[in-house]
Every structure is written in C-alpha cells, then in structure tokens.
Amino acid sequence: DRLTEIFMPALPPARQRMMQGYKLVHYTSVETAEKILQHKSFRLGDTRHMNDVTEISHGMKLVKDYLLKGKHARFLMGLEQLAPTRPAHVGLILENVLPRIEEGVYASCVSEHSPFDDANGGRLPMWSLYGDQTRGVAFVLEPAVFWSRSNALNAYSSPVLYGHRAEFEEYADGIGDRISANIDYLRTIPLDQVLGAAIVPVIFAALSTKSSSFYEEREWRVVHVPTLWPSTVLTRVEVEPGRQAYDVPLRDYPEQGLRGMEPDALLAKIIVGPGNADLETVPRLIRAMTDAGVSNADSRVVRSTIPLRR
C-alpha cells in the first residue's frame with residue numbers, strides 16, 4: 001500500500017521480483033532438512049552466535065549514528081513537517097526500542113532465488129558458503145508468506161539492505177524525501193498511525209542492514225525480537241546452557257490471516273547440492289517430505305549439476 005511505498009521502499013520492488021518468478025531459498029545440510037520436516041518447524045537462532053558477529057551491530061550503529069544527526073537527517077526533517085511538536089518521538093526509539101533490540105534478536109536467513117538460479121541448480125557462491133559441502137541441500141520456498149501482514153507469529157521478514165554509512169544515509173534520506181513529497185496524503189492519516197509506520201523502517205534497518213561485501217547473498221531475514229514482539233506461537237528452546245533459540249511452526253493460522261506455512265504449500269522443491277554424492281540423500285528427503293504431508297515428493301527433489309570447486 002502507499003504507506004509501505006513511503007516508509008519501506010525496498011519492499012515493493014522485492015515483491016515485484018517474486019511476482020516475476022523469484023523464490024526464496026535456504027541452504028542447509030540434509031540432516032537439518034530432515035529435522036525441519038520431521039518437526040514441521042524451523043529455528044530462529046540467536047544472532048550473537050551466528051557466523052558473522054556483526055549481523056545486528058552493523059545496522060544498529062548505522063541507525064544510531066543517523067538519528068543522532070538531528071536536523072541534518074532528512075528522515076527526521078520529514079517527520080518534523082508532520083509533527084513539529086513531537087520530534088521527541090524519534091528520541092523514544094533511541095531510548096526504548098533500540099536497547100530492547102540489543103537484548104536479543106533471533107533470526108533465520110534465506111536468499112533470493114531467481115528463475116535463472118533455479119534452472120542452474122542454485123548459486124555456486126551460496127553452495128560454497130552454506131551448502132555444507134558433501135551434505136548440502138537447499139529448500140526452495142514459495143515467497144508469498146514472507147510478506148504476509150499477519151501478526152500470528154510476531155516474527156517478520158524483510159530484504160536485507162547492503163551498505164555502509166553513505167549508502168545507508170542515502171536510503172534513510174530517500175524515505176525523508178518521500179515523506180515530504182507525500183505530506184498532504186500523510187496529513188489525512190491519524191498522526192499516531194503515521195509515526196508508528198515511521199518506526200518500522202528504523203527497526204528493520206537496525207535488524208537487516210549488512211556490509212555491502214555480502215551483497216551476493218541477496219538475503220532476506222526472518223526475525224523475532226522477544227522484547228518487542230512477544231509470541232504465544234513460537235517455542236523457546238534451550239540450545240545449550242545459556243543459549244536460546246525460537247522454533248517457528250510450519251502451520252497455518254487462517255483465523256489470524258496466516259496461510260501458506262504448511263510444508264506442502266511452502267516448499268516448492270529441495271535441491272540436492274553439487275557436492276552431495278550420497279545416493280541415499282534423495283530417498284531420505286522424499287520420505288521426510290512425504291511424512292510431513294508434502295504431495296508428489298518424488299518430483300520435488302532435484303539434484304544440482306553445478307560443478308563445485310574445492
């Protein structure tokens with residue numbers, strides 16, 4: 001809708017790509033794939049224990065530095081046109097929301113998967129990085145559920161913004177310019193609703209901004225912040241002493257507007273990685289998919305023919 005186009009400008013083109021045949025893909029091992037299907041759930045891990053320790057800190061620093069620019073930040077200037085007496089509203093983000101994010105973010109990562117990628121069995125860099133070499137597989141996922149407006153899970157997804165300070169400031173200033181260009185429209189909407197919409201890009205910028213060095217990953221993140229969005233649906237699990245994660249059930253909640261999460265609807269196919277020569281992998285996956293309720297499982301497992309460099 002129009003508010004999304006103003007405050008979350010990366011979403012409409014990402015959705016358009018999905019409408020043109022793009023899907024999302026999660027690279028993992030065959031053992032993890034079996035567990036996901038067996039338990040009909042996937043795990044959001046603590047970002048403090050991911051392979052890149054800057055997963056959240058990079059975006060958090062960019063957001064904080066930008067908001068501290070005050071009147072030199074066009075995003076803040078746009079908001080001030082709407083609410084001249086309420087600039088402190090953004091200060092509340094710094095004082096309350098961002099520190100709560102730092103208390104714990106749980107995430108799972110997927111990557112955009114173009115029709116070209118699909119025809120060629122995935123992308124070599126992703127297989128090399130995340131395909132678990134001799135045991136790698138990839139879940140190819142239908143994307144519609146990733147932009148669902150449902151709050152059933154209180155976990156949300158967003159494409160990653162790649163860049164450092166200059167790119168981030170250009171992105172945030174662009175939102176400010178759209179606020180100014182749509183000021184008459186925004187004044188027809190209750191102020192609290194507009195300010196609430198304005199907080200969303202700040203939160204997701206903090207959660208989903210990475211160094212441009214990782215651009216080739218074309219990542220989306222599914223994130224849960226328990227201190228902001230408590231969930232009665234996700235299951236908290238103790239991975240090891242002092243380390244937690246959250247399991248997301250692969251089931252629909254139609255009464256809350258969430259559809260497309262069941263394995264048969266969500267899973268388009270599984271690609272067996274180029275380094276996985278185990279002849280038992282395909283039968284194992286077909287059995288696990290069938291047990292999880294995936295129809296025509298034997299036609300939804302394919303092997304990648306990409307030559308994997310070693």
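Bear in mind the structure is a predicted one, so any value in this text is a computation, not a measurement.
Separating the CD1 atom in I36 from the OG atom in S41 is a distance of 8.0 Å, to the nearest 0.5 Å. Note that OG1 of T305 and CG of N120 are 7.0 Å apart. Values are rounded to the nearest 0.5 Å. Note that CG of L141 is 6.5 Å distant from CG of L24, once rounded to the nearest 0.5 Å. Expressed to the nearest 0.5 Å, how far OG of S29 lies from CZ of R135 amounts to 6.0 Å. Atom CE in M18 sits 11.0 Å away from atom NE2 in H113 (nearest 0.5 Å). In this structure, the separation between CG on L207 and CZ on R221 is 8.0 Å, given to the nearest 0.5 Å.
S299 and N296 share no donor-acceptor pair across their side chains, judged by distance under 3.5 Å alone. E167 and S212 share no donor-acceptor pair across their side chains, judged by distance under 3.5 Å alone. Residues S150 and R259 have side chains that never bring a donor and an acceptor to within less than 3.5 angstrom of each other. Judged purely by distance below 3.5 Å, without hydrogens or angles, the side chains of D1 and T4 pair a donor atom with an acceptor atom.
Dense packing is recorded around CZ of R187, with more than 12 heavy atoms of other residues, nucleotides or ligands lying under 6.0 Å away. For NE2 of H164, the number of neighbouring non-hydrogen atoms (other residues, nucleotides, ligands) closer than 6.0 Å is greater than 12. More than 12 heavy atoms of other residues, nucleotides or ligands shown are found within 6.0 angstrom of OH on Y185.
Between K64 and E102 there is a salt bridge, with a side-chain nitrogen of the basic residue lying less than 4.0 Å from a carboxylate oxygen of the acidic one. Using a 4.0 Å cut-off between charged side-chain N and carboxylate O, K35 and E31 make no salt bridge. Between E217 and K210 there is a salt bridge, since at least one side-chain N of the basic residue sits less than 4.0 Å from a carboxylate O of the acidic one. Taking the charged nitrogens against the carboxylate oxygens, E238 and R243 have no contact shorter than 4.0 Å, which rules out a salt bridge. Between R287 and D291, none of the side-chain N atoms (NZ, or NE/NH1/NH2) sits under 4.0 Å from a carboxylate O, so this pair counts as no salt bridge.
Under the 4.5 Å side-chain heavy-atom criterion for Ile, Leu, Val, Met, Phe, Trp and Tyr, L191 and L76 are members of the same hydrophobic cluster. Linking Ile, Leu, Val, Met, Phe, Trp and Tyr residues whenever their side-chain heavy atoms come within less than 4.5 Å leaves V222 and V239 in two separate clusters. The hydrophobic cluster containing V200 also contains I189, counting ILVMFWY residues as joined when their side-chain heavy atoms lie under 4.5 angstrom apart, directly or transitively. L234 and V237 fall into different hydrophobic clusters, defined by Ile, Leu, Val, Met, Phe, Trp and Tyr side-chain heavy atoms under 4.5 Å apart, directly or through other members. Residues M77 and L67 do not share a hydrophobic cluster, clusters being chains of Ile/Leu/Val/Met/Phe/Trp/Tyr side chains in contact below 4.5 Å.
Checking side-chain atoms of S148 against main-chain N and O of A144 turns up no donor-acceptor pair under 3.5 Å. With hydrogens and angles disregarded, no donor-acceptor distance shorter than 3.5 Å links the side chain of T32 to the backbone of T28. In this structure, the side chain of N276 engages the main chain of D278 through a donor-acceptor pair within 3.5 Å. Checking side-chain atoms of R100 against main-chain N and O of T227 turns up a donor-acceptor pair under 3.5 Å. No side-chain donor-acceptor contact under 3.5 Å links S158 to the backbone of F204. With D252 contributing its side chain and M261 its backbone, the two residues share a donor-acceptor pair below 3.5 Å. A donor-acceptor pair under 3.5 Å is formed between the side chain of H58 and the backbone N or O of G163. Formation of a donor-acceptor pair under 3.5 Å by the D46 side chain with backbone atoms of A245 is not found in this model. R123 contributes a side-chain N or O that, together with a main-chain N or O of E216, makes up a donor-acceptor pair within less than 3.5 Å.
The shortest non-hydrogen separation linking A206 to I101 is CB-CD1, 4.4 Å. The two residues S304 and G121 come nearest to each other via the heavy atoms OG-O, 2.9 Å. When every heavy atom of I183 is checked against every heavy atom of G78, the shortest pair comes out as CD1-O, 4.4 Å. Closest approach of G104 to R48, counting heavy atoms only: CA-NH2, 3.9 Å. Pairing each heavy atom of I271 with each of G122, the nearest pair is CD1-N, 4.3 Å. Contact record, V63 with A205: CG2-CB, 3.8 Å, taken as the closest heavy-atom pair.
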Next on the checklist: side chain to side chain donor-acceptor pair (under 3.5 Å), that's the test. Do Y22 and D117 meet it? Break it down for me.
Outcome noted: CA-CA 9 Å; Y22 276 62; D117 298 332; over 6 Å; no
- [ ] Kindly indicate, with the supporting measurements, whether the criterion salt bridge (Lys or Arg N to Asp or Glu O under 4.0 Å) is fulfilled by R74 and D177.
- [x] CA-CA 7 Å; R74 298 207 298 270; D177 294 343; 2.8 Å; yes
Next on the checklist: Checking N151 against W229 for the side-chain contact (heavy atoms from CB on, under 4.5 Å) test, could you report, in this order, the C-alpha distance in whole Å, the side-chain angles of both residues, the deciding distance, and whether it holds?
Outcome noted: CA-CA 9 Å; N151 295 318; W229 311 314; over 6 Å; no
**Message:** Between R303 and V282, does the side-chain contact (heavy atoms from CB on, under 4.5 Å) criterion hold? Intermediate values first, please.
**Reply:** CA-CA 8 Å; R303 281 191 174 273; V282 171; 4.1 Å; yes
Determine, stepwise, if the pair V294 / T290 fulfils side-chain contact (heavy atoms from CB on, under 4.5 Å).
CA-CA 5 Å; V294 177; T290 301; over 6 Å; no
Original post:
Going through the distances and angles, do V202 and F7 end up as a side-chain contact (heavy atoms from CB on, under 4.5 Å)?
Top reply: CA-CA 9 Å; V202 177; F7 290 106; over 6 Å; no
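Paired with E112 under the rule side chain to side chain donor-acceptor pair (under 3.5 Å), one option of R218, R17, K23 passes, and it is R17.
Annotation: cation-pi pair R43/Y246 absent, no NZ/CZ under 6.0 Å from the ring centroid and within 45° of its normal.
At a threshold of 4.5 Å between non-hydrogen side-chain atoms, the residues S108 and F42 count as touching. At a threshold of 4.5 Å between non-hydrogen side-chain atoms, the residues Y27 and V137 do not count as touching. Contact check for V160 versus Y162: side-chain heavy atoms found under the 4.5 Å cut-off. Using a 4.5 Å heavy-atom cutoff, the side chains of P9 and R178 are in contact. With a 4.5 Å cut-off on side-chain heavy atoms, I270 and M289 count as touching. The shortest side-chain heavy-atom distance between R2 and N182 falls under the 4.5 Å cut-off. I203 places none of its side-chain heavy atoms less than 4.5 Å from the side chain of L98. Between I175 and I179 the shortest side-chain heavy-atom distance falls below 4.5 Å.
Aromatic ring orientation, F139 versus H26: parallel (interplanar angle below 30°, classes split at 30° and 60°). Between H224 and Y106, the angle of the ring planes lies from 30° to 60°, which puts this pair in the tilted group.
Every pair passing side chain to side chain donor-acceptor pair (under 3.5 Å) that includes a residue from residues 260-274 is listed here, sequence neighbours excluded: D118-K269, D264-S295, D264-R300.
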